[in-house]
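Okay, so here's the structure we're looking at.
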Protein chains: 2
Amino acid sequence: MAQKKSANSDIFDVARAAGVSISTVSRVLNHPNLVKPDTRKRIEDAIKATGYIRNRAAQMMHGRRSGTIGLVVPTIDHTIFAELIQVFSEAVEEQGFSLILATHGYDLEREYQLLRKLLEHRVDGVALIGFEHLDETYGVLESQNTPAVTMWNYASDTRIPCVGASNISAGAMAAEHLMDLGHKEIALIISSAGGNDRAADRLHGARKAMKNRGITPIAEVSTQYSVSAAKRDCLSVLETQKPTAILCGNDVIGIGAMYAAARIGLSVPKDVSIMGIGDFKGSDETEPALSTVRLPAREIGQRAAKTLGRLIAGQTDVPATWQCDVRLLPRGSTAKHEL
Amino acid sequence: MAQKKSANSDIFDVARAAGVSISTVSRVLNHPNLVKPDTRKRIEDAIKATGYIRNRAAQMMHGRRSGTIGLVVPTIDHTIFAELIQVFSEAVEEQGFSLILATHGYDLEREYQLLRKLLEHRVDGVALIGFEHLDETYGVLESQNTPAVTMWNYASDTRIPCVGASNISAGAMAAEHLMDLGHKEIALIISSAGGNDRAADRLHGARKAMKNRGITPIAEVSTQYSVSAAKRDCLSVLETQKPTAILCGNDVIGIGAMYAAARIGLSVPKDVSIMGIGDFKGSDETEPALSTVRLPAREIGQRAAKTLGRLIAGQTDVPATWQCDVRLLPRGSTAKHEL
DNA sequence: ATAATTTATGAAAACGTTTGCAAAACTATT
DNA sequence: AATAGTTTTGCAAACGTTTTCATAAATTAT
């Protein structure tokens, strides 16, 4: 029976119950083979009887790592982050760490404050999203020399190790696809959250690819990350600008765009092609299925967790940057432009 | 400048840098008004100079709470959990706690192990999803007397405090709606993850409501939580059973059902009505918009965080159960059954 | 100027572990 | 039966804080 004492039982309670010293109890927990099987059994029983649970905080005082990893994200409830967090969380747990998660809502000052709190907890490592952070954020990670990774974006020269895909390539790839299909009247609809360098990169990539072929977007509209906002904003673009194709900054916007087209009686892809970026869960199930560029969330999350684990273990041969490939997924929502 | 010493600086480093004792440094941090403005300034400068960050583990040794709350969920990347976690996380951060998040993938033994790990970290409180947990899970929470809440499900007699909605009511409400519209040939499609009492409750509620009116489901099919699986399974139901209405265990299945209907040329809601449960993000944006029963994720998350905060603060007047209302949202995907 | 307050600081104990070292209890060897 | 070696155990220090209590310094009142 677990005891009902008001305070939680500690190693002394166990020692008392087993009639040994606390050293021996500690040894059962940490180096079981150093203690006589007989005594060990007695102590293990005492542990059960007292309901003793080790205190990480006290262990930490001895230089044991905290066994926690901090993850700071803009938000959880964007499909794509949810997927990434899920994978990262699993990978981190598998390595025996607990995950401390915090959300800053695209507020970089807040991100810094949350990071400081994580550091008070002496997290063994930290993962952040993207490269856009306060200088203080980078600074504190360096001065506390806490292992850190950045997920999602890729760049070859980074202040902290990164695992990600190039949003610039993704944007470019999406634009190329539309242009390859013969589209010239292309509208760009991107999401606008501040502190979000992903959207900016994709836009940038798309613009550049188009410029290379001498094509100018007939519209650049920013909208919110939500199907309804995207639907509303695409509606007006479709009505006023009559694009033959819409390049959407992410799949959620892409889905909004498809509904907008349906609403005003345009058929996708016959009357208008719609291109997403991301390959979110469900994007391949729409009718027609959404053409998009896959950002490999699973691979990124797993790789980042592995990298962080190695950094924490003090390994030195850890690649500082890791690029995961984006991939074009042409599906039903895009088609050749008919003259 | 933050110092680059190999080990992180501690309170002694600060004391040395400021030429005072560690007691005074500690006082600056905890009771600033007890120290001479002059000295305080000097110490604050030293803190900046050394890059000192308080060590929560050491504070804990003095009886300070850990400032963490544990949340164990089946998974993050189901829309509805993502929403719940997001809200809970915000509410918990607002109260000054950090959130330790763990996912068990519907494995209750794993849930128990994760919980134990959280308790090693001496989380101040714990939140779980639903009522289906190992006996050991309940036991350890009680024996460690750790404040805990259960989110999502509601019941009036619970072993630990709960904040949730009645999935039984939700199931019943969805069934009532279809029957009110004159449907008698109703198929039930629910998701089947083990360790998931939500789905079971909804099914149960729906069955009971139907039985009350003497109607028997013409089919009961279980599927996975994914648009594609649901689409596939609904396809066969639609073809073989010819229901006039499908009651789906959640909105994701509902969306799969709509695609399935579209695929075989059935018009929603004219040929078949489709009813979801949940009101996930985006459910009101489909074409036609999905009729559903709203499960108030935001309200639940906020309320649960508040309840847990109070429990941790030792307040005694905290309601042990809190029911959030489910609400019928009739939209375009359901209509009167035409004979 | 001295005594009586008040304010500011420091010394040391406590929190719950782990571990190096030393002592005690066995075992094996002569 | 005594010695050497091995295994098992306990003592005490260390980890980084906070806080109580005591003392020193500054202020105020005489």
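Order of the sequence lines fixes the chain letters, A, B, ..., with proteins taken first and strands second; residue numbering starts at 1 for each chain.
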Just how far, in rounded Å, is [atom2] of [N] from [atom1] of [X]?
X       : N       : atom1 : atom2 : value
N33(B)  : dT7(C)  : CG    : P     : 11 Å
L29(A)  : dT17(C) : CG    : P     : 9 Å
R56(A)  : dC15(C) : CZ    : C1'   : 18 Å
K36(B)  : dT9(C)  : NZ    : P     : 6 Å
I11(B)  : dT19(D) : CD1   : P     : 11 Å
R122(B) : dT17(D) : CZ    : P     : 20 Å
F12(A)  : dA14(C) : CZ    : C1'   : 11 Å
N55(A)  : dT17(C) : CG    : P     : 5 Å

T39(B), nearest nucleotide to its side chain (from dA8(C), dG10(D), dT18(C)):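 Side chain of T39(B) sits closest to dA8(C).
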Side chain of H62(B) (C-beta onward), nearest among dC15(C), dT18(C), dT9(C):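 Closest of the options to the side chain of H62(B): dC15(C).
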Would you call [X] and [Y] a side-chain contact if the rule is heavy atoms closer than 4.5 Å?
X       : Y       : answer
D13(A)  : Y52(A)  : no
L128(A) : L141(A) : yes
P32(B)  : R27(B)  : no

Sub-4.0 Å heavy-atom contacts from residues 14-24 of chain A onto DNA chain C, ordered by number: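 Hits under 4.0 Å, by residue number: I22(A), S23(A).
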Enclosure of E109(B) CD (heavy-atom neighbours >12, cutoff 6.0 Å):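 Correct, the count exceeds 12.
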Whether Y106(B) and H104(B) hold their rings parallel, tilted or perpendicular, with breakpoints at 30° and 60°: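 Rings of Y106(B) and H104(B): perpendicular, as their planes differ by over 60°.
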Pair N33(A)-R40(A), side-chain donor/acceptor within less than 3.5 Å: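 Short answer, no.
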Flag for Q86(A)-T75(B): side-chain donor and acceptor within less than 3.5 Å: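 T75(B) vs Q86(A): donor-acceptor pair found between side chains.
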Under-4.0 Å side-chain N/O to phosphate OP1/OP2 contact, N30(A) with dT18(C):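 Affirmative; the distance criterion is met.
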Phosphate OP1/OP2 of dT18(C) contacted by H31(A) side-chain N/O (<4.0 Å):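 Answer no for this pair, as no side-chain N or O of H31(A) is under 4.0 Å from OP1 or OP2.
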base_contact_polar (dG10(D) base, R27(A) side chain, donor-acceptor, <3.5 Å):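 For R27(A), whose side chain was compared with the base of dG10(D), there is a donor-acceptor pair (under 3.5 Å).
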Residue closer to the 5' end of DNA chain C, A58(B) versus P37(B) (nearest nucleotide):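 Here P37(B) is the residue nearer the 5' end.
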